[in-house]
Amino acid sequence: MVQQSVSIIRVPFGLGAGRPGSENGPDSIMKFGLAKKLQGLGYDVQADQTIRLPEGVQSPPGSKMKHVEEVLAVAGLLGEAVYKEVSGGHIPLVLGGDHSIAMGSLAGLTRHYHHLGVIWVDAHSDLNTETTSPSGNMHGISLAVGLGLSHIKLKQMVEGAVPLKPENCVIIGARDLDRDEKALIRSTGLTCYTMHEIDRLGIEKVVQEALQIAGNGTDGVHLSFDIDSVDPIEAPGTGTPVRGGLSYREAHLSLELMSESGRITSADFVEVNPLLDRNNQTSKLAVELIGSLFGSRIL
Ligand SMILES: NC(=[NH2+])NCCC[C@H](N)C(=O)O
Ligand SMILES: [Mn+2]
Ligand SMILES: [Mn+2]
């Protein structure tokens with residue numbers, strides 16, 4: 001059997017968030033033994049790539065959305081790197097950074113997979129646009145950009161990138177949606193399992209359905225995992241915590257089921273903010289959760 005190969009890409013970028021600190025996420029996650037963990041699970045691990053904001057890129061002051069130029073520059077570089085890894089047969093594992101970097105992952109991935117399914121695990125839906133955003137923070141618009149609903153397009157970041165189809169996109173864990181995001185979910189027909197549905201159906205059923213939806217007719221499935229999906233009791237180190245989130249076991253079980261399905265072809269883990277963390281609890285949790293996605297089991 002050919003050994004599966006994972007390419008870890010660090011993106012120490014936090015300007016898409018409203019508060020600093022998520023730029024320290026990648027190094028913190030690595031420090032708690034991610035590469036060793038994946039090697040222990042039998043993967044060939046490449047961990048030497050870091051995408052940095054090029055010097056001199058700076059958005060002009062005074063526009064509603066903050067740091068657009070910086071976000072686009074990082075997304076372009078990340079997109080190229082992700083494209084290179086997937087087209088070379090490696091599994092890209094992108095460590096953020098704030099969730100705006102997912103635009104780069106999606107741009108690179110959709111150049112390779114023309115029918116990409118996406119599972120977006122998040123307390124939020126990140127479906128604002130530059131028109132509806134209440135905060136001006138770019139991490140709140142990344143899924144909308146992926147779906148082609150913003151003036152900002154994936155193909156500006158990577159040539160040949162294409163928008164996602166709402167029928168293959170699923171949000172899991174939502175509990176803090178802005179008014180216009182709710183309207184968009186209804187009108188686009190993308191599937192959103194809020195915490196209410198998770199409470200009622202159980203996380204197992206939700207994740208199985210999500211895998212069906214994201215996998216239906218697609219040639220790849222990307223997991224974009226925002227650590228704020230997990231309850232702040234377990235994951236306090238994040239910039240926009242919202243109570244009532246996934247329990248420790250619900251989070252792990254989600255990733256175990258995704259692993260078992262064999263359908264996930266790439267992943268982002270974002271919004272770990274070591275400055276806001278308690279005893280590095282959130283970074284350590286991220287390492288564990290990534291382990292579950294890559295096949296770590298209790299027994
Ligand atoms: N990736 C995140 N943590 N996003 C939080 C977004 C919060 C809010 N909906 C906004 O647009 O600003
Ligand atoms: Mn998010
Ligand atoms: Mn979030």
Side-chain angles (χ1 to χ4, degrees), residues 6 25 28-29 32-34 36-38 40-43 91 93-96 99 117-126 170-177 191-215 221-264 266-274 276-299:
V6 179
S28 181
I29 294 170
F32 290 102
L34 180 63
K36 253 216 177 86
K37 174 142 221 152
L38 296 176
L41 292 165
Y43 292 88
I91 305 167
L93 170 58
V94 178
L95 304 181
H99 217 164
V118 170
I119 301 181
W120 196 273
V121 183
D122 201 328
H124 310 93
S125 64
D126 298 341
V170 188
I171 298 164
I172 296 177
R175 54 194 182 275
D176 180 12
L177 302 172
T191 308
C192 178
Y193 295 102
T194 69
M195 288 310 298
H196 176 89
E197 277 78 43
I198 295 169
D199 290 341
R200 295 185 71 164
L201 301 171
I203 192 70
E204 181 183 12
K205 186 158 168 47
V206 164
V207 172
Q208 300 294 19
E209 288 185 11
L211 284 161
Q212 279 294 326
I213 294 165
V221 177
H222 178 63
L223 167 66
S224 201
F225 193 98
D226 184 329
I227 199 78
D228 71 27
S229 58
V230 181
D231 195 276
I233 289 173
E234 299 296 340
T238 195
T240 49
V242 189
R243 67 195 300 195
L246 298 177
S247 70
Y248 176 79
R249 273 305 308 162
E250 283 173 332
H252 269 292
L253 182 59
S254 304
L255 294 159
E256 289 160 6
L257 293 167
M258 291 183 206
S259 161
E260 213 177 273
S261 77
R263 302 197 86 135
I264 305 295
S266 53
D268 308 314
F269 278 79
V270 300
E271 298 284 352
V272 169
N273 186 326
L276 303 170
D277 209 358
R278 238 181 277 134
N279 305 320
N280 298 308
Q281 189 185 349
T282 310
S283 295
K284 290 177 183 169
L285 176 66
V287 174
E288 274 190 26
L289 291 173
I290 296 169
S292 284
L293 177 66
F294 285 89
S296 178
R297 292 296 173 267
I298 294 170
L299 183 68

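Side chains of E256 and S259: a donor-acceptor N/O pair is absent below 3.5 angstrom, by distance only. With no hydrogens or angles considered, no side-chain donor-acceptor pair links H124 and D126 at under 3.5 Å.
Under a 3.5 Å cut-off, the side chain of R263 and the backbone N or O of Q212 do not form any donor-acceptor pair. In this structure a side-chain-to-backbone donor-acceptor pair under 3.5 Å is present from Q281 to I233. When atom types are taken as modelled, the side chain of R175 and the backbone of V242 share a donor-acceptor pair closer than 3.5 angstrom. Side-chain atoms of Q208 never come within 3.5 Å of backbone atoms of K205 as a donor-acceptor pair (strictly under, hydrogens ignored). At distances below 3.5 Å, at least one donor-acceptor pair connects side-chain atoms of S229 with backbone N or O atoms of D226. A donor-acceptor pair under 3.5 Å is absent between the side-chain atoms of N273 and the main chain of T238, judged by distance alone. Remark: side-chain polar atoms of Y43 are paired, donor with acceptor, to backbone N or O of F294 under 3.5 angstrom. At distances below 3.5 Å, at least one donor-acceptor pair connects side-chain atoms of T282 with backbone N or O atoms of G237. Judged by distance alone, the side chain of D268 and the main-chain N or O of F225 form no donor-acceptor pair under 3.5 Å.
The two residues S261 and M258 have their closest heavy-atom pair at OG-O, 2.7 Å. Between S296 and K37, the shortest heavy-atom distance links the atoms OG-CE, 4.4 Å. Contact between M195 and G244 at its shortest, heavy atoms only, is CG-O, 3.2 Å. When all heavy atoms of V272 and A286 are compared, the pair lying nearest together is CG2-CB, 4.1 Å. Shortest non-hydrogen contact noted between G295 and L41 is C-CD2, 4.0 Å.
A salt bridge does not link K284 with E288: none of the charged nitrogens is closer than 4.0 Å to a carboxylate oxygen.
When side chains are defined from C-beta on, I91 does not count as touching I264, because their heavy atoms never get closer than 4.5 Å. In this structure, the side chains of F32 and L34 stay at 4.5 Å or more apart for every pair of heavy atoms. Side chains of D176 and D228 form no contact here, defined as non-hydrogen atoms less than 4.5 Å apart. Taking the side chain as every heavy atom from C-beta outward, S266 and L223 never approach each other to under 4.5 Å.
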Intermediate values then yes/no, side chain to side chain contact (heavy atoms under 4.5 Å, CB included), L253 and V207
CA-CA 9 Å; L253 182 59; V207 172; over 6 Å; no
Side chain to side chain contact (heavy atoms under 4.5 Å, CB included) between I290 and L95, worked out:
CA-CA 10 Å; I290 296 169; L95 304 181; 4.0 Å; yes
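For E234, the salt bridge (charged side-chain N to carboxylate O under 4.0 Å, His left out) criterion is met by no residue, not counting sequence neighbours. Legend: residues meeting salt bridge (charged side-chain N to carboxylate O under 4.0 Å, His left out) with K36, ordered by chain and number and at least two apart, are absent.
Other residues, nucleotides and ligands place more than 12 heavy atoms under 6.0 Å from the CZ atom of R249.
Classified by interplanar angle (parallel below 30°, tilted 30° to 60°, perpendicular above 60°), the ring pair H99/W120 is parallel.
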